[in-house]
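As structure tokens, the structure follows; a few thoughts come after it.
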Amino acid sequence: MALLEAVGPASLRCCLARRRQPGERWVIASGLPSPQVPMRVSRLMLVTLRDDPAEAEIPSHKLLLRAGYIRRIGSGIYAYLPLLWRVLQKISAIVREELNGAGALETLLPQLQPAELWQRSGRWAGYTAGEGIMFHLEDRQGRALGLGPTHEEVITALAADLLRSYRQLPVNLYQIQTKFRDEIRPRFGLMRGREFIMKDGYSFHADEACLKQSYAAMDGAYRRIFSRCGLRAVAVEADSGAIGGSASQEFMVTAEAGEDLILASADGSYAANQERAVSVPAEVAPLVAGPRAGGAGDPLVTPGQSSIEDLCAAHGFEPGQIVKVLLLLARFEDGVQQPLLISLRGDQQLNEVKLVNAVSARCSAAHGTVLEIGPLTAEAADKEGLGPIHFGFLGPHLADAVLTGARSWQPRFLRLADSTAAGLASFVCGANSLDTHQLGATWGGLCPCPESLDLRAAQPGDRCLHDPSQVLQASRGIEVGHIFQLGRKYSAALDATFTNEAGVDEPLWMGCYGIGVSRLAQAAVEQHHDANGICWPTAIAPYEVIVVIANAADPVQVALAEQLYTDLLGAGVDALLDDRGERAGVKFKDADLLGIPWRVVVGRGAADGEVELVQRAGSRRQDLTAAQLLPQLLPQLEAECRGLVPA
RNA sequence: CGGGAUGUAGCGCAGCUUGGUAGCGCACUUCGUUCGGGACGAAGGGGCCGCAGGUUCGAAUCCUGUCAUCCCGACCA
């Protein structure tokens, strides 16, 4: 501490003292026991790799493996090594701080969950059968159990048990815990694991207005969390998927390697996941000569022209003047297989998420969850015992009669049309016979227009609904958070009710809120790295400073480094000492690879009391006297941890 | 599950076409010289060539099956 005495200014001492205050915000944010525990690289079980492991594809996955943060144990199953565990702890600490500040309560729920709870919510079959993602097992009594992929069922059962009166509401509970999901395809290291760490939270309310308030509070907390973690994240409108409910919003870390496509307006007022995005469709020129022959259209000979491109090339149509028909097959929880006939404008693509939602809305009451929707292929139709279907020449007037004799399918199509197709005054479509189309067909003339709704995928370049002068732009994102207004879906299913002010029982209003903690750590690497390795944002770095002894055989360097290291720890800094006997170059390379935000090199200048300070991101370096180090570094670290200075 | 690829030392790879008992770089151990950006030299240790069958005097190599991993699609924090 002699060095500190020497540095002088009262403001600095104040700052140092604050760093050690147990109750201080950013000491808590370190998430680690204080005072800081010494750690030397020689004792860290650090194994860094020079070559990229063949199994890794994207930069963050390669770097986490190379720098010794993770090891693969099985497909989608990773060991979090000590360095990564510190990162995860720091992220968790920030999450806790923001959520506690927003009035949420931390709890811990069981991972082993009885099937019965899931059967009551109606999700057991959907989550375990077919492409379901829940690992499940039987105990010695033959009772079915699942490993929790999420906790709506458990928390709602608890709420049903504990929440009785509007006087107890609202409440907001969260946990940080390992989740299990039997992903169809685990990918990219921690990005999509079968076992991963998630913060999940659930809120309960007496009415929808209160739910919306908590949802807004969580929105704010999430924005602060990602910002404090040093991430550039955007909030986008999202599909609610299997979780259900009404409004939902995803938080995306923008990165090339992201699995999701984000569509956003340049003015920033609209952003959505492509699964959800809406837009103004492109205008299409009317078909020359308009409707024909009472609206059924004229036959047009189109030998071998089974694609939109062929048709346009041969006859000079625009794709948007054609109605294309997709035959699909939906499989439901109760085993029913429902053929679908979807009409789309030729220049549009089907959005499968919108389709699944539309089909669920129409059929789930009768048949349960949609397990899958896939193409209705010629082979499948053949197996089913149907007559020939002229794929490539289909029109929306294809009669239900083609389904007669089906062995296991429903005998009638569910017919839906995207509104762009429904809006065409006259169009070209298949004639349902080989090598023939209809030219100048109209709805009503050809066949009644099917139920019309939004089924098309919005595309980059489409005009925006909120302001048609704006255009949707594409970027890629990693989903690190998702918040939902669940409404009363689970509370009604699990009979979680409370007594309202009027003395009447009604289902609780619910919200739910998730953050992928382990995914967030990797997303941070994806966003913060360079050719030499990781550049952690200071707030979530495993250590804030690494002290490197350039030549561990030089007792002068060792003594000064040990002194500075002790001083840093004493000042509450998370510091690491590289005491290895390696050559200096090796230690510099490793320090870059590990991505510790600040490096203090004790080397040739040690005899004169001089050290070098290097910032990892940007590699800015400066020479300092040992006495200048702490006064310089401490305010900087504090600012970075508070997110005041971009790392 | 459909499509594609790969399994040889801890990591990255060669060898396979044309069968003859396994090799390179990095890492690891020891010694010496080096010592501020992944040093050099010398000497070592480490492999049921994914697994199981088959063909053959003989299989990393040819054949069959199987398992695992990775990439593209459905799933999602």
Side-chain angles (χ1 to χ4, degrees), chain A residues 47-58 61-62 65-66 68 71-72 74-77 95 126-127 130-134 149-151 176-201 222 238-243 250-253 259-260 273 275 352-353 356 370-375 377 477-484 512-523 532-533 548-554 557 581-593 599 601-606 611-612 614 619 621:
Chain A
V47 176
T48 57
L49 307 175
R50 296 196 182 194
D51 298 309
D52 286 333
E55 72 191 53
E57 198 70 13
I58 64 174
H61 188 195
K62 290 177 181 171
L65 285 165
R66 277 191 58 204
R71 284 284 178 160
R72 191 178 66 82
S75 175
I77 304 171
V95 168
Y127 267 71
E131 310 222 312
I133 55 160
M134 182 152 62
T150 176
H151 280 73
I176 297 174
Q177 186 201 48
T178 297
K179 292 281 183 282
F180 298 91
R181 292 186 186 174
D182 193 1
E183 292 285 344
I184 300 161
R185 187 151 92 84
R187 237 198 298 221
F188 301 147
L190 307 183
M191 285 296 190
R192 180 177 301 282
R194 296 196 293 170
E195 181 181 324
F196 62 96
I197 299 177
M198 178 174 171
K199 187 290 292 184
D200 52 325
Y222 272 41
D239 179 73
S240 301
I243 306 291
E250 290 167 337
F251 294 85
M252 298 283 192
V253 169
E259 296 184 80
D260 290 275
N273 192 314
E275 295 174 352
E352 290 189 25
V353 172
V356 170
V370 179
L371 295 183
E372 96 181 284
I373 293 185
T377 60
I478 300 162
E479 182 188 352
V480 290
H482 199 159
I483 58 177
F484 303 79
C512 94
Y513 318 95
I515 291 179
V517 173
S518 45
R519 178 185 281 182
L520 190 157
Q522 187 170 337
N532 295 320
V548 176
I549 308 172
N551 180 359
D554 178 350
Q557 293 184 21
E582 299 288 345
R583 293 161 61 89
V586 171
K587 289 184 273 198
F588 295 158
K589 286 284 186 190
D590 275 343
D592 285 352
L593 186 58
R599 185 174 91 215
V601 182
V602 181
R604 286 173 183 145
V611 299
E612 184 185 43
V614 185
S619 302
R621 56 188 67 199

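Here is the naming used below: chain letters follow the sequence lines, and residue numbers restart at 1 for every chain. No experiment lies behind these values; they were computed from the predicted model shown. Atom set for the values below is all heavy atoms of this structure, side chains included, hydrogens, waters and symmetry mates excluded.
- Note on A:R192: every side-chain N or O is 4.0 Å or more away from OP1 and OP2 of B:C76.
- Proximity of A:R583 to the phosphate of B:U34: no side-chain N or O atom is located under 4.0 Å from OP1 or OP2.
- When Watson-Crick and G-U wobble pairs are counted only if both distances are under 3.5 Å, B:G47 pairs with no nucleotide at all.
- You'll find the side chain of A:K589 stays beyond 4.5 Å of the side chain of A:E582, heavy atoms only.
- Just one residue in the list A:R519, A:H61, A:E479 forms a side chain to side chain contact (heavy atoms under 4.5 Å, CB included) with A:M191, and that residue is A:R519.
- We find that CZ of A:R194 is positioned 11 Å from C1' of B:U69, with the value rounded to whole Å.
- Using a 4.0 Å heavy-atom criterion, one finds that A:Y513 contacts no nucleic acid atom at all.
- Nucleic acid contact for A:V517: none, since no nucleic acid atom lies under 4.0 Å from a heavy atom of the residue.
- Rounded to whole Å, atom P of B:U69 lies 17 Å from atom CZ of A:R71.
- Rounded to whole Å, atom C1' of B:G10 lies 9 Å from atom CG of A:L49.
- For A:E352, the CD atom counts as loosely surrounded, since its 6.0 Å shell holds 12 or fewer non-hydrogen atoms of other residues, nucleotides or ligands.
- If you check B:G53 for Watson-Crick or wobble pairing at under 3.5 angstrom, you find it paired to B:C63.
- The residue A:R604 sits close to a base: some heavy atom pair falls under 4.0 Å.
- Between A:R192 and A:R185, every side-chain heavy-atom pair lies at or beyond the 4.5 Å cut-off.
- Base pairing analysis places B:U18 opposite nothing; no Watson-Crick or G-U wobble pair with both distances below 3.5 Å involves it.
- Between the base of B:G36 and the side chain of A:N551 there is no donor-acceptor pair shorter than 3.5 Å.
- With hydrogens and angles ignored, a donor-acceptor pair closer than 3.5 Å exists between the side chain of A:E612 and the base of B:G36.
- Pairing for B:G38 is absent, with no Watson-Crick or G-U wobble pair whose two atom distances lie under 3.5 Å.
- Here A:G603 lies in heavy-atom contact (under 4.0 Å) with a base.
- Nucleotide B:A77 holds its C1' atom 13 Å from the CG atom of A:N273, rounded to whole Å.
- Contacts of A:D554 with the nucleic acid, taken as non-hydrogen atoms under 4.0 Å apart, are absent.
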Polar atom pairs (N or O), protein with nucleotides 2-7 of chain B, under 3.5 Å:
none

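- Comparing atom distances between the A:D592 side chain and each of B:A27, B:A77, B:G37 picks out B:G37 as nearest.
- The distance from atom CD of A:E57 to atom P of B:C72 is 7 Å, rounded to the nearest whole Å.
- Looking at heavy-atom distances under 4.0 Å, A:A54 makes contact with sugar-phosphate atoms alone, never a base.
- At the heavy-atom level, A:V480 lies under 4.0 Å from the strands shown only through sugar-phosphate atoms.
- Base pairing analysis places B:C26 opposite B:G10; the two distances defining the Watson-Crick or G-U wobble pair are each below 3.5 Å.
- Using a 4.0 Å heavy-atom criterion, one finds that A:E183 contacts the bases of the nucleic acid, with or without backbone contacts as well.
- A:R187 contributes no side-chain N or O that forms a donor-acceptor pair with the base of B:G73 under 3.5 Å.
- One can place CD of A:Q522 at 15 Å from C1' of B:C76, the figure rounded to the nearest angstrom.
- Within the model, atoms CG of A:N273 and CD of A:E250 stand 4.5 Å from one another, a figure rounded to the nearest 0.5 Å.
- Looking only at side-chain heavy atoms (C-beta outward), A:L65 and A:E55 come within less than 4.5 Å of each other.
- When both pairing distances are held under 3.5 Å, B:G73 makes a Watson-Crick or G-U pair with B:C1.
- At a threshold of 4.0 angstrom between heavy atoms, the contacts of A:I184 include nucleobase atoms, whether or not backbone atoms are also involved.
- A:E259 has its CD atom 9 Å from the P atom of B:G73, to the nearest Å.
- Between the side-chain ring of A:F588 and the base of B:G38, no stacking contact exists by the 5.5 Å and 30° definition.
- For A:D590 against B:G38, a side-chain N or O and a base N or O form a donor-acceptor pair under 3.5 Å.
- The backbone N or O of A:I549 sits less than 3.5 Å from a side-chain atom of A:K587, completing a donor-acceptor pair.
- What separates CZ of A:R621 from P of B:G37 is a distance of 10 Å, to the nearest Å.
- Figure legend: A:R599 and A:F588 shown as a cation-pi pair, the cationic atom lying under 6.0 angstrom from the six-membered ring centre and within 45 degrees of its axis.
- Within the 4.5 Å cutoff, the side chain of A:T150 has heavy atoms near those of the A:R181 side chain.
- When heavy atoms are screened at a 4.0 angstrom cut-off, A:G581 is found touching no nucleic acid atom at all.
- Residue A:S75 has a polar side-chain atom (N or O) positioned under 4.0 Å from OP1 or OP2 of B:C70.
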